[in-house]
Amino acid sequence: MTIKETAGKMLLYFYQLQRTAPLTMPYRQIGFVTKKEGGVGVTSDKKWLTKDLLSINPVSNDIFNAFLFLMKKNFIETRERTTAGAKVYVGIHLSELGIDVIEGIERGEEGRQDFTRTFNISVDGVSEVDELIKDTLTNLSEQ
């Protein structure tokens, strides 16, 4: 799975969380810690959140790179706390641009093409966001 595909699935996952538990999103934390053997490990303030992210892609380095992709594209907003060997992101939520790219699939072919181009996830035949989430995010915890 590519970083862009991982990012698309993570964005859909955050969108789902933001819709179902909007008042808890300001408190969610995701941390990336440097491993002794190289690369990064992923952790969060909730075990289910870490588990779900690793269900999207079991490679922590890809989760980290996908998270950075979403931040640099301005699809998500968060506050960063950096310590020696760790980066912790607090208050993760979708920006207006993040919501637009997801909900754009409901506006027709151009919106679906934008989503596919951005995340390498085909949305042919998908016309509703809930359908896209159901088709794309499988085996994740119920919040």
Please walk me through it: do Val40 and Lys35 pass side-chain contact (heavy atoms from CB on, under 4.5 Å)? CA-CA 5 Å; Val40 296; Lys35 291 182 177 180; 5.8 Å; no

Consider only side-chain heavy atoms of I, L, V, M, F, W and Y, link residues closer than 4.5 Å, and tell whether Leu68 and Val33 are in one cluster. no

What one should report as the nearest heavy-atom pair of Pro22 and Gln18 is CB-O, 3.3 Å

Just so I know, are the side chains of Thr136 and Val123 near enough to count as touching, which here means a heavy-atom distance under 4.5 Å? no

Any chance you could lay out the side-chain contact (heavy atoms from CB on, under 4.5 Å) test for Arg81 and Lys87, step after step, and finish with the verdict? CA-CA 6 Å; Arg81 296 183 191 158; Lys87 289 183 181 260; over 6 Å; no

What I want to check is whether the side chains of His93 and Glu77 have a donor and an acceptor closer together than 3.5 Å. yes

Crowded around Lys73 NZ? As in, over 12 foreign heavy atoms under 6.0 Å? no

Please report the shortest heavy-atom distance between Ile63 and Leu53, naming the atom on each side. CD1-O, 3.1 Å

Would you please say whether a donor-acceptor pair under 3.5 Å links the side chains of Asp45 and Tyr27? no

If the plane angle is over 60° it's perpendicular, under 30° parallel, otherwise tilted; pick one for Phe32 and Tyr89. perpendicular

Quick check on Glu109: does its CD atom have over 12 non-hydrogen neighbours (other residues, nucleotides or ligands) under 6.0 Å away? yes

Do Trp48 and Ile92 share a hydrophobic cluster, counting only Ile, Leu, Val, Met, Phe, Trp and Tyr and linking them when any side-chain heavy atoms are less than 4.5 Å apart? yes

How about Phe119 and Leu70: do any of their side-chain heavy atoms sit closer than 4.5 Å? yes

Where Phe69 and Ala7 come nearest, the two heavy atoms and their spacing: CD2-CB, 3.5 Å

Can the ring centres of Phe75 and Phe14 be said to be less than 6.0 Å apart? no

Flag for Thr50-Ser44: side-chain donor and acceptor within less than 3.5 Å: yes

Of all heavy-atom pairs between Val90 and Thr78, which one has the smallest distance, and what is that distance? O-OG1, 2.9 Å

Check the hydrophobic clustering (I, L, V, M, F, W, Y; side-chain heavy atoms under 4.5 Å; chains of links allowed) and say if Val42 and Val88 are grouped together. no

Under a 3.5 Å cutoff, is there a donor and acceptor pairing between the side chains of Glu80 and Thr82? yes

Checking Ser95 side chain against Asn74 main chain: does a donor-acceptor pair fall under 3.5 Å? yes

How far does OG1 of Thr43 sit from CD of Gln29, to the nearest 0.5 angstrom? 9.5 Å

Establish whether Tyr13 and Val59 are linked, either directly or via other cluster members, by ILVMFWY side-chain heavy-atom contacts under 4.5 Å. no

If you look at every heavy atom in Gly91 and Arg79, which pair is closest and at what distance? CA-NH1, 4.3 Å

Interatomic distance, Ile121 atom CD1 to Leu11 atom CG [nearest 0.5 angstrom]: 9.0 Å

Hydrophobic cluster membership, with links at side-chain heavy-atom distances under 4.5 Å among I/L/V/M/F/W/Y: are Ile3 and Leu54 in one? no

Check step by step if side-chain contact (heavy atoms from CB on, under 4.5 Å) holds for Arg117 and Asp114. CA-CA 5 Å; Arg117 223 179 354 263; Asp114 286 345; 2.6 Å; yes

Could you tell me the separation between the CD atom of Gln113 and the CD1 atom of Ile105, rounded to the nearest 0.5 Å? 13.0 Å

Residue pair Lys9 / Asn57, side-chain heavy-atom distance below 4.5 Å: no

Any side-chain heavy atom of Asp124 within less than 4.5 Å of one from Arg112? no

Roughly how far, to the nearest 0.5 Å, is the OG1 atom of Thr118 from the CD atom of Glu5? 13.5 Å

Measuring from Lys46:NZ to Thr24:OG1, what's the distance to the nearest 0.5 Å? 8.5 Å

Please determine if Asp130 and Arg19 form a salt bridge, counting it only when a charged side-chain N lies under 4.0 Å from a carboxylate O. yes

Quick one: pull up NZ in Lys72 and CZ in Phe67 and give me the separation to the nearest 0.5 Å. 12.0 Å

Ile133 and Val129: side-chain contact (heavy atoms from CB on, under 4.5 Å), yes or no, with the steps? CA-CA 6 Å; Ile133 289 170; Val129 172; 3.8 Å; yes

Closest heavy-atom contact between Asp62 and Thr6? O-CG2, 4.1 Å

